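The structure appears right after this line, and notes come after that.
Model, not experiment: these values are computed from the prediction.
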Amino acid sequence: MEDSSKEELIQLLKRFGAYLTVKMSNLFSMSLDNLNSRSVGTVAGIAIAMVVTWRLLRTPTGNQRRQPKQRPRAPGGSGDNTNSNVPTTLDSSGVSSAMEDFRAQNVIDEFFQSIKPTLVQIVRRKLNDGRKVTCQLLGVILEETSPEELQKQATVRSSVVEVLLEISKCCDIYLMERILDDESGEKVLSALEEAGVFASGGLLKDKVLFCGTENGRSSFVRQLEPDWHIDTNPEIISQLARFIRYQLLISPNRHERSASNVFSFPSLEQFFAFSDRD
């Protein structure tokens, strides 16, 4: 390999490393223990992209690589002294380096755009490929936070609908809540239907469960044995910590982790980082 090619490769690797640090901070947030075939494929794709990018940068760009021949100066003469301090050609090394940086960034940006994980892939990764999820309605899916409010109305939080639909694509999901009367349950089902939650077919009305007590919700979870349970009640989270693989406590206030398998976030969207997406 020529010296110039080696230098190009070194510079490319340096630039690629800088872009990689920023671009991949979220893509590889999972631990090595959680790497799967998709992750391995991504790593292989990055290696291929590095080679392709390097080859693109090595491709000559017309006259850019050609150095103009230096004309010999005639000895003596006033014209020679007059123009001795005026460069006959511009130094193109800085321009060439900038152009290579620009080309490398474009190739890398296009590559990362092509491997950007889909929403359902983000959900699967955050849930550690869990296949069954149980979720409380009040304070998580609904704006209302108490059964008394459900007697008046039920309002689905618009920002959570997308998250709920993505979860239903890869998980068997059950929604549940304590209600004071049958009319409250009808209000909830009607609000969910109007929000389009049942339109995709991933979430069924039969999987929206109602009970009369908090212990009833806890009993539902125990019977269903989900991989994840999402709730706003710290006591229920604590009680179920021994039986459920993972739990997510939705609370605006920071809580100390009651167990290693319990996570706490202000909202479902923030847990999945949907609120941070462009």
query: Between the side chain of R131 and the main-chain N/O of D172, is any donor-acceptor distance below 3.5 Å?
result: no
field: Residue pairs passing the ring-ring contact (aromatic ring centres under 6.0 Å, His included) test where at least one lies in residues 168-222, sequence neighbours excluded
entry: none
statement: Scanning both residues in full, the closest heavy-atom pair of S200 with S168 reads OG-OG, 4.0 Å
message: Donor-acceptor pair, distance only, cut-off 3.5 Å: does the side chain of K205 make one with the backbone of L189?
response: no
message: With side chain to side chain contact (heavy atoms under 4.5 Å, CB included) as the criterion, how do N261 and I244 come out once you've worked through the C-alpha distance, each side chain's angles and the decisive distance to 0.1 Å?
response: CA-CA 8 Å; N261 61 339; I244 307 303; 5.6 Å; no
- prompt: Just how far is it from atom CD of E183 to atom CD of Q151, taken to the nearest 0.5 Å?
  reply: 9.0 Å
Solution key, residues 142-150 side-chain donor-acceptor pairs under 3.5 Å, sequence neighbours excluded:
from : atom 1 : to   : atom 2 : distance (Å)
E144 : OE1    : T155 : N      : 2.8
E144 : OE2    : T155 : N      : 3.3
E144 : OE2    : T155 : OG1    : 3.0
T145 : OG1    : E149 : OE2    : 3.0
S146 : OG     : E149 : N      : 3.4
S146 : OG     : E149 : OE2    : 3.3
E149 : OE2    : T145 : N      : 3.1
E149 : OE2    : S146 : N      : 3.4

- prompt: Hey, what do you get for CZ (R178) to OG1 (T213), rounding to the nearest 0.5 Å?
  reply: 8.0 Å
- line: Rounding to 0.5 Å, atoms CD (Q136) and CG (L209) come to a distance of 13.0 Å
query: With a 4.5 Å limit on heavy-atom distance, are the side chains of L138 and T232 in contact?
result: no
Same cluster (ILVMFWY, side-chain, under 4.5 Å), V156 and I230: yes
query: V160 and E269: side chain to side chain contact (heavy atoms under 4.5 Å, CB included), yes or no, with the steps?
result: CA-CA 6 Å; V160 83; E269 307 94 290; 3.9 Å; yes
message: Are the side chains of S267 and R157 in contact, using a 4.5 Å heavy-atom criterion?
response: yes
- prompt: Taking the side chain as C-beta and beyond, is there a heavy-atom pair between I173 and K207 under 4.5 Å?
  reply: no
message: Are L165 and I250 connected into the same hydrophobic cluster when the rule is that any two of I, L, V, M, F, W, Y join if their side-chain heavy atoms are below 4.5 Å apart?
response: yes
query: Is there side-chain contact between L224 and M176, with heavy atoms separated by less than 4.5 Å?
result: yes
side-chain hydrogen bond (donor to acceptor under 3.5 Å, both in side chains) between D231 and Q247, worked out: CA-CA 8 Å; D231 210 292; Q247 290 194 95; over 6 Å; no
- request: Test L175 against every option in V188, L203, V140, T134 by the side-chain contact (heavy atoms from CB on, under 4.5 Å) rule and name the one that passes.
  value: L203
- prompt: Counting only N and O atoms by type, is there a donor-acceptor contact under 3.5 Å from the side chain of D227 to the main-chain atoms of R245?
  reply: no
- prompt: Donor-acceptor pair, S218 side chain versus N215 backbone, under 3.5 Å?
  reply: no
field: Linked, directly or transitively: V197 and V208 (ILVMFWY side chains, under 4.5 Å)
entry: yes
task: Give the cluster check for F265 versus F272: same hydrophobic cluster or not, with ILVMFWY residues linked at side-chain heavy-atom distances below 4.5 Å.
output: yes
- prompt: Does E235 CD have over 12 foreign heavy atoms under 6.0 Å away?
  reply: no
query: Considering all heavy atoms of both residues, which atom of F271 and which atom of K126 are nearest to each other, and what is their separation?
result: O-CE, 2.7 Å
message: Before you tell me yes or no, could you show the steps for R217 and N233 under side chain to side chain contact (heavy atoms under 4.5 Å, CB included), namely the whole-Å CA-CA distance, both residues' side-chain angles and the distance that decides it to 0.1 Å?
response: CA-CA 11 Å; R217 186 165 75 250; N233 190 328; 3.9 Å; yes
message: Quick check: closest heavy atoms across V161 and A195, and the distance to 0.1 Å?
response: CG1-O, 3.8 Å
message: Given 3.5 Å as the limit, does a donor-acceptor pair link the side chain of W228 with the main chain of L127, or not?
response: yes
statement: So CD of Q121 and CD of E166: to nearest 0.5 Å the spacing works out to 10.5 Å
- prompt: Mind checking whether Y246 and V221 sit in one hydrophobic cluster, side chains of I, L, V, M, F, W, Y counted as touching below 4.5 Å?
  reply: no
- prompt: Can you name the closest pair of heavy atoms from I237 and L248 and give their distance?
  reply: CD1-O, 4.0 Å
task: Hey, could you give me the CZ/CG distance between R124 and N128, rounded to the nearest 0.5 Å?
output: 13.5 Å
